[in-house]
*Asks:* 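The structure follows.
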Amino acid sequence: MSVFRRGIILISHAVTNAFVGYLSKDVGSSGRMIYTTDISKAETIRYMGPSSQYTPVTRGELRRAGAPGNLPFLGLIRGLASTNNNIGPGSANYLHLADTAHTDPGALPAVGPNSETAQSGVSLAIESSVWNIDAYSGSITAQWINSDGSTPTTTLATWGQSLIATGDLAALQAQFPNTYNPVRFQILFSP
């Protein structure tokens with residue numbers, strides 16, 4: 001039996017553990033997810049988990065309370081400047097966090113409905129079943145699947161106020177000089 005669990009996502013710096021903010025209920029003008037430091041603007045998310053309270057979830061989906069009905073999942077989408085759908089060592093490719101349609105766990109990236117495409121009109125590959133949730137600690141990590149089925153290390157990061165993921169922060173920094181900060185997600189559960 002499965003049950004819905006809910007809470008807000010706390011974002012902290014992956015190296016220093018410093019507070020960064022929360023997943024925001026507000027969405028950037030490009031349809032990408034952003035963060036806020038104001039807890040009153042934190043988005044409520046929920047996910048389907050096993051009835052056993054502390055059983056981890058692998059390749060699960062996160063639902064964002066404020067998401068449009070046709071794009072209910074917090075997923076990863078190919079970055080506009082990425083050269084293909086793959087991330088990994090030596091690649092400057094990146095992904096944005098955005099509202100998406102459903103994709104099956106283990107599915108390869110494929111063009112699908114998402115909030116950035118709704119804003120830009122540019123078709124982008126998506127994956128929604130990317131979240132690994134440690135229900136005991138609340139830790140949330142992402143796992144993108146490349147076009148060849150490989151599973152590269154997927155690092156969550158900030159880029160300005162935007163939330164992104166990449167397989168190589170140094171390569172991203174070299175190709176697109178900016179300030180990127182690796183971050184960690186943790187769900188703060190609500191009753």
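Heavy atoms only: backbone and side chains are in, while hydrogens, waters and symmetry mates are out.
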*Asks:* Distance check, rounded to the nearest 0.5 Å: L95 atom CG versus E127 atom CD?
*Replies:* 8.0 Å

*Asks:* Verify whether one side chain among T155 and T166 offers a donor that lies under 3.5 Å from an acceptor in the other.
*Replies:* no

*Asks:* Does I45 belong to the same Ile/Leu/Val/Met/Phe/Trp/Tyr cluster as V130, with side-chain heavy atoms less than 4.5 Å apart forming each link?
*Replies:* yes

*Asks:* Would you check if the side chain of D134 reaches a backbone N or O of S137 as a donor-acceptor pair within less than 3.5 Å?
*Replies:* yes

*Asks:* Do side-chain atoms of R184 reach the backbone of A14 as a donor and acceptor pair under 3.5 angstrom?
*Replies:* yes

*Asks:* Check whether any side-chain heavy atom of L74 lies under 4.5 Å from a side-chain heavy atom of M33, and answer yes or no.
*Replies:* yes

*Asks:* Does the side chain of N84 pick up a donor-acceptor pair with the side chain of N93 at under 3.5 Å?
*Replies:* yes

*Asks:* Does either side chain, that of Q143 or that of T151, offer a donor lying less than 3.5 Å from an acceptor on the other one?
*Replies:* no

*Asks:* Determine, step by step, whether K41 and D26 satisfy the side-chain contact (heavy atoms from CB on, under 4.5 Å) criterion, reporting the C-alpha distance in whole Å, the side-chain angles of both residues, the deciding distance to 0.1 Å, and the verdict.
*Replies:* CA-CA 7 Å; K41 293 183 180 179; D26 297 324; 4.0 Å; yes

*Asks:* Does any non-hydrogen side-chain atom of I34 lie less than 4.5 Å from one of L163?
*Replies:* no

*Asks:* Could you tell me the separation between the CD1 atom of I11 and the CG atom of N181, rounded to the nearest 0.5 Å?
*Replies:* 11.5 Å

*Asks:* For W144 and P109, work out which heavy atoms get closest and say how close.
*Replies:* CZ2-CB, 3.4 Å

*Asks:* Could you tell me the separation between the OG atom of S147 and the CG atom of N85, rounded to the nearest 0.5 Å?
*Replies:* 4.5 Å

*Asks:* Are there more than 12 heavy atoms of other residues, nucleotides or ligands under 6.0 Å from atom OH of Y136?
*Replies:* no

*Asks:* Is it true that a side-chain atom of H13 and a backbone atom of V15 form a donor plus acceptor pair closer than 3.5 Å?
*Replies:* yes

*Asks:* Under the side-chain hydrogen bond (donor to acceptor under 3.5 Å, both in side chains) criterion, do S123 and T117 qualify, and how do the steps go?
*Replies:* CA-CA 6 Å; S123 296; T117 294; 5.6 Å; no

*Asks:* Minimum heavy-atom separation for A165 to T154, with atom names?
*Replies:* CB-CG2, 3.9 Å

*Asks:* Can you give me the closest heavy-atom contact between G106 and I145, atom names plus distance?
*Replies:* CA-CD1, 3.4 Å

*Asks:* Indicate the atoms forming the closest heavy-atom contact of Y94 with A81, along with that distance.
*Replies:* OH-N, 3.2 Å

*Asks:* Checking side-chain polar atoms at under 3.5 Å, does T36 have a donor or acceptor matched by the opposite partner on D38?
*Replies:* no

*Asks:* Indicate, with yes or no, if L124 and L97 share a hydrophobic cluster defined by side-chain heavy-atom contacts under 4.5 Å among Ile, Leu, Val, Met, Phe, Trp and Tyr.
*Replies:* no

*Asks:* Using the side chain to side chain contact (heavy atoms under 4.5 Å, CB included) rule, pick out the option among L62, T100, N114 that qualifies with F73.
*Replies:* T100

*Asks:* Taking the inter-plane angle between the rings of F189 and Y47 on a 0 to 90° scale, is it parallel (under 30°), tilted (30 to 60°) or perpendicular (over 60°)?
*Replies:* tilted

*Asks:* Side chains of I164 and L172, heavy atoms from C-beta outward: is any pair under 4.5 Å?
*Replies:* yes

*Asks:* Got a second to check how far L80's CG is from E116's CD, nearest 0.5 Å?
*Replies:* 4.5 Å

*Asks:* Any donor and acceptor pair, going by atom type alone, linking the side chain of T103 with main-chain N or O of S128 inside 3.5 Å?
*Replies:* yes

*Asks:* Compare all side-chain heavy atoms of P152 with those of I87 and state whether any distance is below 4.5 angstrom.
*Replies:* yes

*Asks:* Do you know the tightest heavy-atom contact between A92 and A171?
*Replies:* CB-O, 3.5 Å

*Asks:* Indicate whether the side chain of E61 and that of H102 have a donor and an acceptor atom separated by less than 3.5 Å.
*Replies:* yes

*Asks:* For the OH atom of Y180 and the OG1 atom of T158, what is their distance to the nearest 0.5 Å?
*Replies:* 10.5 Å

*Asks:* Can you get from I39 to L188 by hopping between Ile, Leu, Val, Met, Phe, Trp and Tyr side chains that sit under 4.5 Å apart?
*Replies:* yes

*Asks:* Establish whether V27 and L23 are linked, either directly or via other cluster members, by ILVMFWY side-chain heavy-atom contacts under 4.5 Å.
*Replies:* yes

*Asks:* May I ask you to decide if the ring planes of W159 and H96 are parallel, tilted or perpendicular, using 30° and 60° as cut-offs?
*Replies:* parallel

*Asks:* Judged by atom type as modelled, is there a donor-acceptor pair below 3.5 Å linking the side chain of N132 to the main-chain atoms of R59?
*Replies:* yes

*Asks:* Rounded to the nearest 0.5 Å, what separates atom OG1 in T58 from atom CH2 in W131?
*Replies:* 14.0 Å

*Asks:* Would you say the side-chain atoms of E43 pair up with the backbone N or O of I8, donor to acceptor, closer than 3.5 Å?
*Replies:* no

*Asks:* In this structure, would V57 and V3 fall into the same cluster of hydrophobic residues linked by side-chain contacts under 4.5 Å?
*Replies:* no

*Asks:* Okay, side chain of D168, backbone of A170: is any donor-acceptor separation there less than 3.5 Å?
*Replies:* yes

*Asks:* To check you understand the geometry: which heavy-atom pair defines the closest contact between D99 and P68, and what is its length?
*Replies:* OD2-CD, 3.4 Å

*Asks:* Does S24 reach the main-chain N or O of Y35 with its side chain, forming a donor-acceptor pair under 3.5 Å?
*Replies:* no

*Asks:* Give a yes or no on whether the backbone of N86 and the side-chain of R78 come within a donor-acceptor separation of less than 3.5 Å.
*Replies:* no

*Asks:* Run the numbers on Y22 and I9 for side-chain contact (heavy atoms from CB on, under 4.5 Å), then give the verdict.
*Replies:* CA-CA 5 Å; Y22 307 94; I9 295 179; over 6 Å; no

